[in-house]
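Comments concern the structure below.
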Amino acid sequence: MKVTPYGVRGSVASPGSATARYGGNTSCVRVTGPDGTVLVLDAGTGIRSLGLELPPGLGRVDVLLTHLHMDHIIGLGFFGPLYNPDVEVHIWGPASATVSLEARLRRYLAPPLFPVLLRDLPCRLELHHMGRGQFSIGPFRIRAARICHPRSTLGYRIETEQGSLAYLPDHEPALGARRFPLDAEWTSGFDLAEGVDLLLHDAQYTREEYLRHAGWGHSTMHDAIAFARLAGVMHLAPFHHDPGRDDAALEAAIAAAVADTDPDFPVTPAAEGRSFDLD
């Protein structure tokens with residue numbers, strides 16, 4: 001299993017020379033299985049370039065949305081396979097008790113926000129709404145569960161015979177906790193992340209910044225490391241970098257958090273194009 005980020009910023013894209021090392025696109029990750037099966041995690045601005053790099057002749061691609069905040073779906077209309085009638089595109093997203101996934105996506109893929117209607121896309125499109133559950137796509141065994149973030153939000157655990165990945169890009173497991181981490185059974189996302197080879201996890205804020213943003217649905221770098229330690233992960237990739245933090249400041253903040261917490265696993269900030277091979 002090969003995991004390649006195409007967008008690692010949170011909230012809004014922040015392109016430019018100051019963010020070129022880690023990238024300025026919003027959340028999007030490609031996961032490629034041993035047989036060539038492709039999963040796309042979220043549809044931020046990075047999905048446009050991801051679509052351009054898919055192999056010719058690929059007959060199916062699955063897009064797993066964690067939630068429908070704009071930074072996670074804003075690139076969807078620019079995803080090339082949606083315009084190819086020979087490609088089967090499956091979009092998976094969080095269920096709602098009141099509005100279907102199709103109706104929610106139509107709010108974006110329709111004028112005045114976008115010129116092409118969802119119903120007019122020429123690909124063979126199938127939509128799937130998810131709550132808590134398990135399903136398989138090719139060699140991937142996937143588990144979805146709701147996690148702590150405003151509105152309906154999913155985290156994903158993805159496994160093959162070769163490795164395991166947990167993807168929790170927008171996650172605030174420390175919300176309301178007098179101390180963090182709590183016991184595992186009371187911690188949002190623990191079951192998804194327990195023992196994985198690689199954890200991509202929200203680390204948008206420093207501890208000082210979090211005081212002004214508690215309840216916004218995001219984690220500090222320190223809390224991301226504490227969560228990874230609680231879950232017993234093998235490798236942490238901090239994700240959803242703050243758009244206002246340039247590359248040098250990002251590296252300094254992550255280094256400070258690592259020095260404070262002394263994790264017994266590697267911590268590698270996610271960067272566009274920097275792949276993780278889970279073999």
Margin query: I'd like to know whether His201 forms a side-chain hydrogen bond (donor to acceptor under 3.5 Å, both in side chains) with His240, so could you lay out the CA-CA distance, the side-chain angles of the two residues, the decisive distance to 0.1 Å, and finally the verdict.
Written below: CA-CA 8 Å; His201 194 281; His240 206 270; over 6 Å; no

Next item on the list: Measure up the Trp92 and His90 rings against each other and bin them: parallel (under 30°), tilted (30 to 60°), perpendicular (over 60°).
Entry: parallel

Item checked: Flag, side chain of Ser152 to backbone of Ala95, donor-acceptor distance under 3.5 Å -> yes

Item checked: Name of the residue among Asp247, Asp246, Asp71 meeting salt bridge (charged side-chain N to carboxylate O under 4.0 Å, His left out) with Arg9 -> Asp247

Margin query: Tell me whether Arg48 at atom CZ has more than 12 heavy atoms from other residues, nucleotides or ligands lying less than 6.0 Å away.
Written below: no

Note to self: Pairing donors with acceptors under 3.5 angstrom, does anything connect the side chains of Glu172 and His218?
What the structure shows: no

Checklist line | Closest contact, heavy atoms only, Pro173 versus Ser188 | finding: CB-O, 3.9 Å

Item checked: CD (Glu161) with more than 12 external heavy atoms under 6.0 Å -> no

Notebook entry, point to check: Is a donor on one side and an acceptor on the other found under 3.5 Å between the side chain of Arg157 and the backbone of Leu165?
Noted result: no

Item checked: Interatomic distance, Glu102 atom CD to Arg119 atom CZ [nearest 0.5 angstrom] -> 10.0 Å

Checklist line | Candidate pair Phe135 and His128, rule ring pair (Phe, Tyr, Trp, His ring centres under 6.0 Å), full reasoning | finding: CA-CA 11 Å; Phe135 56 103; His128 311 266; 8.0 Å; no

Notebook entry, point to check: What is the distance from atom CZ of Arg245 to atom OH of Tyr205, rounded to the nearest 0.5 Å?
Noted result: 9.5 Å

